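Written below as structure tokens is the structure these notes are about.
Sequence lines set the chain letters: A, B, ... in the order given, protein chains first and strands last, and positions in each chain run from 1. Predicted model only: the values in this text are computed from it and were never measured.
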Amino acid sequence: MTTQTTVPETPSTPAATTPSGLIGGIPPTVARALATGGGILAVVSTFLAWTWTAEFPGDLTVYGYPGGLQVLVLIGGILTTLFALSSYQVKGLRWLTPAGADGALKLAALGTFATAWYTVLAISAKLGGLVNLEPGGWLVAVATLVSVTGAAALPFERPEPEPFDPDDTGWETYRHQVRHGIAILRAAVASGTPTPARRLPAYAEILVIVAAMALGLIVFTYGIGTEYDQLFIGFLITVGFCFAALAKSGLISRISAITARHRVITMAGAFIAAALFPFTQSDDQYATIGVYILIFATVALGLNIVVGLAGLLDLGYVAFLGVGAYTAALVSGSPASPLHVQLPFWASALLGGAVAMVFGVIIGAPTLRLRGDYLAIVTLGFGEIFRVTVLNLDGTSGPDITNGSNGISSIPNLNILGFDFGQEHNILGFTIARFANYFLLMLLITLIVVVVFRRSSDSRIGRAWVAIREDETAALAMGINGFRVKLIAFALGATLAGLAGAVQAHVTYTVTPEQYQFAHVVPPNSAFLLAAVVLGGMGTISGPLVGAALLYLIPAKLQFLGNYQLFAFGLALVLLMRFRPEGLIPNRRRQLEFHEDAEAPTVLSKTGA
Amino acid sequence: MTTQTTTSGETVLDARGVTMRFGGLTAVRGVDLTVNSGEIVGLIGPNGAGKTTFFNCLTGLYIPTEGEVRYKGDVLPPKSFKVTAAGIARTFQNIRLFANMTVLENVLVGRHTRTKEGLWSALLRGPGFHKAERASRDRAMELLEFVGLAEKAGHLARNLPYGEQRKLEIARALASEPGLLLLDEPTAGMNPQETRATEELVFAIRDKGIAVLVIEHDMRFIFNLCDRVAVLVQGEKLVEGDSATVQGDERVVAAYLGEPYEGDPGQDEAAEVEAAEAHATRSHTADTEAEATEAETTEAEAPEAETTEVETAEADAEATTDAAPGKENDR
């Protein structure tokens with residue numbers, strides 16, 4: 001590289017100091033006006049009819065109020081308009097964009113554009129042609145196009161093109177240009193450093209947290225409640241871009257700074273918001289999804305202790321959930337269980353956790369002396385051994401304990417202190433049905449796991465886990481008994497999964513071996529659990545929760561993907577690992593990195609794989 | 001040479017006849033070494049002489065094939081974490097910090113053996129937990145102040161400059177309250193100012209009553225610092241004594257410069273190869289020094305003072321080669 005001559009990429013490239021937009025030829029003032037006007041027009045258009053027939057789901061035929069996908073476009077339009085006005089330094093809106101408005105404006109306009117055009121194209125595709133669009137549909141298409149064009153024409157600091165080597169082959173030159181193109185795109189949506197925040201009074205900060213939690217609850221409830229594929233896709237597009245826009249505007253980092261100051265209140269707020277979820281539902285349909293997401297998320301969080309903190313790649317983790325579930329099922333008083341005992345819930349949950357822990361120690365003790373890949377293979381094997389063993393304990397191939405492939409069925413509902421989980425209950429005028437009851441119970445288990453995760457990670461043992469993950473040899477030289485510390489992590493993870501399994505057995509009525517496979521279409525299974533942890537962000541609490549929610553909702557909502565579900569999922573995971581290896585919600589350690597050039601290492605080195 | 005203190009303390013480390021074989025290769029052969037309290041002992045030798053292997057035998061990373069190592073009279077356990085608990089702490093030739101932990105957390109990990117809080121204590125968070133945690137933090141901050149990193153406590157270890165990473169490694173090792181500190185090439189890759197600062201730091205550590213055993217290639221550093229120097233060549237201890245003795249020993253000079261002695265034709269070749277390699281490595285780093293070194297290498301009888309110079313240059317050159325991945329296996 002020392003011999004390279006500095007030939008500029010193209011002699012006509014404008015000097016890096018003169019900012020220009022992605023689209024040239026539009027003066028900045030006009031561009032900003034276009035973006036703003038487009039945003040306002042998009043908002044207006046959502047109150048018009050977009051199509052003439054109610055055949056397209058969501059009823060977009062009504063003048064006067066938005067419906068279905070129009071609501072999403074409306075939200076995007078409002079956000080675009082607000083950011084645009086904020087970029088005009090309008091008084092009272094500047095707090096929206098502490099880190100600069102342009103990047104956020106571009107993303108918001110792009111998101112609105114994507115949602116609107118997706119809607120318009122979906123209408124045309126479903127009803128057969130563009131003729132099915134009413135004027136409102138045309139208006140929103142034009143308005144969002146204008147808005148995104150204006151936003152794209154906003155000037156930004158272009159990065160200096162790296163000088164390139166004249167000896168490069170065509171492929172290398174192409175790669176060089178692509179890299180520069182990506183750098184330009186990044187710069188286009190880049191945001192400045194946030195202006196230092198004025199310290200708000202404590203009550204105001206708490207109000208902000210409450211508002212953020214409420215917003216989260218609304219978004220989540222909306223996502224769960226989406227009734228048709230198009231709406232869910234529109235929801236994902238809108239939420240994705242809006243979140244990115246808010247992150248670029250600096251609002252997210254400001255809010256996370258506030259939540260970091262009031263951690264207990266934030267946690268309490270998050271759990272109250274989650275507990276309010278069943279009360280927002282009129283029937284039990286979505287509470288079912290809620291409780292399954294919670295089980296999945298809780299187990300993923302338990303796995304995060306093993307994978308994210310201690311760096312032990314466990315590919316058979318779902319087996320511990322199975323151990324807990326089977327244990328609880330056997331002592332639940334189910335007629336299919338050979339043990340005709342019915343323990344109270346607290347006892348069966350503790351037993352489930354304890355038995356899972358014993359299994360964790362039995363599996364961990366011989367294998368945790370291994371490093372990296374070997375551990376992954378052994379745990380993968382254990383997961384399958386558990387399933388096959390349970391399958392064979394059916395009275396013909398072995399003793400009759402688990403009923404083989406039929407599983408243990410008709411597990412009775414829980415009854416804690418006279419509160420029957422199978423019945424509908426009326427609390428404060430809200431009807432809380434079976435799955436909502438279990439949702440609240442499961443939330444309690446999630447809370448326990450979150451507390452365990454937080455407390456253990458921020459302590460001597462948690463630091464030892466991270467040290468082992470970072471560099472085992474150095475950790476041993478610092479006096480850490482690596483084997484012991486890893487075994488604790490493994491057993492703790494197993495216990496938490498067993499605890500969740502004890503609840504799961506009651507929720508699903510039946511436990512069967514095929515619920516606990518390595519890979520399966522329906523989560524939770526080992527592959528999806530690991531994916532939830534990696535997708536969400538290793539070593540964080542909110543990461544696996546978000547990851548699990550996404551991984552559960554996306555297959556459940558996008559039924560049309562059918563057999564391509566796993567393919568799409570794999571593709572998404574590959575792309576994520578390429579472009580955001582630290583996961584959706586990166587660890588605090590990663591956020592501590594002050595320098596852009598000290599890029600985060602690949603995740604694989606962290607898992608110990 | 002500036003501070004020759006009396007070495008009249010009790011014996012901290014006593015290695016007797018340590019031999020380490022890897023299959024047919026004997027990396028360390030029958031090495032005896034003692035370190036007394038309040039003493040700084042240097043361990044030098046050409047590349048591949050077995051210095052780091054010997055270190056690994058002392059710290060439990062390897063279990064010596066023959067011989068035994070005693071720390072304050074007790075035979076060391078064969079596990080490296082138990083060795084640390086017994087009171088021997090070490091740093092690594094290739095810096096091995098916990099890169100994604102903060103500076104303070106790195107030192108807190110070093111406190112692991114001196115604290116007792118387990119999982120239950122962490123989960124239940126009784127008053128004892130908070131007290132122990134606070135004490136650990138205070139002690140860690142003290143150590144960071146001692147090495148001069150206190151104001152960087154919140155930074156990630158990976159973001160520290162090279163010299164400070166070395167300091168942090170020393171602070172982390174000190175956190176386990178050792179009676180003996182093993183430093184594996186603490187000044188590799190440092191400029192002269194940083195080397196001098198490290199020298200001061202090592203003296204300060206000695207003044208705290210901690211014995212120090214140091215591997216180094218920088219001869220000026222070693223001879224300034226150490227009360228005694230042992231020379232390891234091809235796995236065997238060649239000489240041991242104070243700076244003057246070692247510097248004056250012809251065999252040491254020969255071992256370093258690869259001077260051919262009778263009945264060993266291979267030695268000649270090896271020297272040539274080494275010179276060529278050294279030249280190649282140095283050509284883009286320190287041209288003038290490399291020139292000087294080469295001139296010296298061709299002269300058979302180099303005066304002592306100049307030898308020191310040569311070694312300095314060589315150490316610099318090695319600092320660059322240390323980063324090579326092959327060296328990793330040397331541990």
Side-chain angles (χ1 to χ4, degrees), chain A residues 2 305 311 357 448-449 451-485 487-489 491-492 495-496 538-539 582 586-601 603 605-606, chain B residues 55-56 59-61 79-92 94-102 104-125 129 132-133 136 154-159 169 172-173 175-178 182 284 331:
Chain A
T2 45
I305 292 181
M357 183 178 76
I448 292 173
V449 177
V451 169
V452 167
F453 186 99
R454 245 188 68 182
R455 295 199 158 177
S456 61
S457 69
D458 180 27
S459 71
R460 172 173 173 267
I461 192 103
R463 285 191 296 268
W465 287 335
V466 178
I468 290 271
R469 181 191 72 199
E470 294 276 321
D471 188 334
E472 188 159 350
T473 307
L476 291 179
M478 288 306 115
I480 293 171
N481 184 344
F483 171 68
R484 190 188 143 85
V485 164
L487 191 61
I488 291 175
L492 181 64
T495 313
L496 296 177
M538 284 197 275
E582 70 272 32
N587 191 339
R588 179 182 58 92
R589 298 188 191 289
R590 303 289 165 76
Q591 287 171 351
L592 274 173
E593 296 186 19
F594 299 115
H595 305 296
E596 202 74 73
D597 45 299
E599 196 60 70
V603 171
S605 67
K606 283 194 70 181
Chain B
F55 248 45
N56 288 342
T59 52
L61 278 178
K79 291 262 169 53
S80 67
F81 66 88
K82 286 183 185 161
V83 170
T84 313
I88 299 183
R90 72 170 292 178
T91 67
F92 291 90
N94 317 303
I95 301 175
R96 304 192 77 148
L97 287 170
F98 307 119
N100 288 319
M101 299 176 89
T102 63
L104 180 65
E105 283 170 332
N106 265 280
V107 182
L108 284 175
V109 170
R111 299 275 313 152
H112 192 88
T113 50
R114 303 293 167 234
T115 43
K116 292 279 166 282
E117 282 63 47
L119 181 65
W120 287 113
S121 155
L123 293 184
L124 300 176
R125 299 260 150 139
F129 174 84
E133 195 78 341
S136 273
H155 287 224
L156 280 195
R158 59 180 14 248
N159 291 341
E169 238 198 345
R172 188 180 67 174
S176 65
E177 290 166 17
L182 306 183
H284 59 88
R331 249 193 322 104

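Comparing A/L476, A/V452, A/N481, A/I461 by heavy-atom pairs within less than 4.5 Å of chain B, the highest count is held by A/N481. Comparing A/A467, A/G482, A/A464 by heavy-atom pairs within less than 4.5 Å of chain B, the highest count is held by A/A467. Options B/L108, B/T59, B/T113 differ in how many heavy-atom pairs under 4.5 Å they form with chain A, and the most are formed by B/L108. Counting heavy-atom pairs closer than 4.5 Å to chain A, the top-ranked of the candidates B/A89, B/G60, B/A122 is B/A122. In terms of heavy-atom pairs under 4.5 Å with chain B, the best-connected choice from A/I488, A/V485, A/I480 is A/I480.
Using a 4.5 Å cut-off between heavy atoms, B/T115 touches chain A through backbone and side chain atoms alike. With a threshold of 4.5 angstrom between heavy atoms, B/I88 does not approach chain A through any atom at all. There is no contact between B/R114 and chain A, counting heavy-atom distances below 4.5 Å. With a 4.5 angstrom heavy-atom cutoff, B/K82 does not touch chain A via any of its atoms.
Looking at heavy atoms from C-beta onward, A/S456 lies in side-chain contact with A/W465 at the 4.5 angstrom threshold. B/R90 places a side-chain heavy atom less than 4.5 Å from the side chain of B/L61. Residues B/V109 and B/F98 are in side-chain contact: their nearest non-hydrogen atoms beyond the backbone lie under 4.5 Å apart. Between A/M478 and B/H112, every side-chain heavy-atom pair lies at or beyond the 4.5 Å cut-off.
Judged by distance alone, with hydrogens and angles left aside, the side-chain atoms of A/R455 form a donor-acceptor pair with the main-chain N or O of B/L123 at under 3.5 Å.
Residues B/E133 and A/R463 are paired through a salt bridge, judged by an N-O separation under 4.0 Å between the basic side chain and the carboxylate.
A/A489 and A/I305 make their closest contact through O-CG2, 4.3 Å (heavy atoms, listed as atom of the first residue, atom of the second, distance).
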